[in-house]
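Working notes, beginning with the structure itself.
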Amino acid sequence: MKKFTPSSAIILILGALLGTATLARAGDLAVGLNVGTEAGPGGHLQGSFRDFAAELPLTARFSLGYHSTDAGDPYAARHVFINDNTNGTPEDSARYYQARFDLVFPLTRLGPQRIYLFGGPRWASYKAEFVYVGGNEDFEVRTSPWGMGLGVETYFAVKPGTDFVLQVGLDHFQSDTLDGHDTAYTPDGDHINPRDGYDYDSADEAVNQPRTEFMLMMGLQMKL
C-alpha cells in the first residue's frame, strides 16, 4: 500500500479546497497563517469556507502545518534500531508536517467574544534524525500517524476583513509503524528485523513522535 506523503497531503488539501469552493455558493473564503506550539514551535497555513452548508453555521477549514520538536532519547533509539554501542557524541533533531481538516461552529459567548469549537481528522509525517559524531553512525526514524483533534478559538477584529485569531486545542495521534535504519516496529507486533529484546513499546519510548499534543496558536486571518 502506498504511503501517504506530504506531497499527497498538499494535493489532497488543494483538491478539497477547490471542491469546496465549487460547491460553496454562499460561503466566504478566508486564508490565514497561525504560529505557536504543538510539541514544538511551528506554524499552520490554512484556507476556510464559512457558511458553506445551507442552514448550518459551519466553517470548513483545511490546514498544512510544520513543527520542529524533540527527537527523543538518542542512546535508546540507537539500541532499538541499530545496536547497543554507546560510542560517539549524539546530535539529534526532529520535525513533522501536518495535514488538518476542521469543522468550526459557534459555541458560546464570553462577554463580547464569540467562542468557536473546532475539530476533525489529522495526519502527521514525522522524521527524527540521529547522528553519533565520532561513532560513525547516523540514521532516521519515520512515522506517519493519523489522529483527531478538538479545540476552541476566538477572533479579534484588526481591520475590516482581517482578524487576529487565538486557538487552544488538543490533538491525539494513533500508534503507527516506526521505521528506522533497516528495522520497523508496528503496533500489532509484525516487526521487520527487530533487535533482540526490543519491541514497539521500546521504540515508542525511545522516539518522541506525535502522540497527545497540546496546541496553542495565534495568527491572522484575512477574508477574500
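With ring centers used as reference points, Phe81 lies under 6.0 Å from Tyr185. Tyr155 and Tyr116 have their aromatic ring centers within a separation under 6.0 angstrom.
Criterion: ILVMFWY side-chain heavy atoms under 4.5 Å apart, direct or through other members. Under it, Phe164 and Ile115 are not part of a common hydrophobic cluster. Linking ILVMFWY side-chain heavy atoms closer than 4.5 Å, directly or via other members, places Met217 and Leu107 in two distinct hydrophobic clusters. In the hydrophobic clustering of ILVMFWY residues, with side-chain heavy atoms under 4.5 Å counting as a link, Val131 and Val207 come out apart. One hydrophobic cluster holds both Tyr198 and Val141 under the rule that ILVMFWY side chains link at heavy-atom gaps under 4.5 Å.
At a threshold of 4.0 Å, the pair Arg122-Asp102 counts as salt-bridged, since one of the basic side-chain nitrogens sits closer than that to a carboxylate oxygen. The pair Arg142-Glu129 does not meet the salt-bridge criterion, since no charged nitrogen lies less than 4.0 angstrom from a carboxylate oxygen. Under 4.0 Å is where a charged nitrogen must lie from a carboxylate oxygen, and between Arg78 and Asp84 no such pair does. Between Glu153 and Arg114 there is no salt bridge, since no side-chain nitrogen of the basic residue lies less than 4.0 Å from a carboxylate oxygen of the acidic one. With respect to the salt-bridge test (charged N to carboxylate O, under 4.0 angstrom), the residues Asp182 and Arg195 qualify.
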task = Dump the intermediate steps for side chain to side chain contact (heavy atoms under 4.5 Å, CB included) on Asn208 and Thr69, then the final yes or no.
result = CA-CA 8 Å; Asn208 189 37; Thr69 187; 3.9 Å; yes

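Residues satisfying the side-chain contact (heavy atoms from CB on, under 4.5 Å) test with Leu224, not counting sequence neighbours, are Leu29, Val31.
Annotation: cation-pi geometry satisfied between Arg61 and Phe118 (NZ/CZ under 6.0 angstrom from ring centroid, within 45° of ring axis).
Shown here is Asn136, whose CG atom has no more than 12 heavy atoms of other residues, nucleotides or ligands within 6.0 Å.
Aromatic ring orientation, Tyr75 versus Tyr132: tilted (interplanar angle from 30° to 60°). Between His67 and His44, the ring planes are perpendicular. Angles over 60° get that label, and only those under 30° would be called parallel.
When side chains are defined from C-beta on, Phe62 does not count as touching Arg100, because their heavy atoms never get closer than 4.5 Å.
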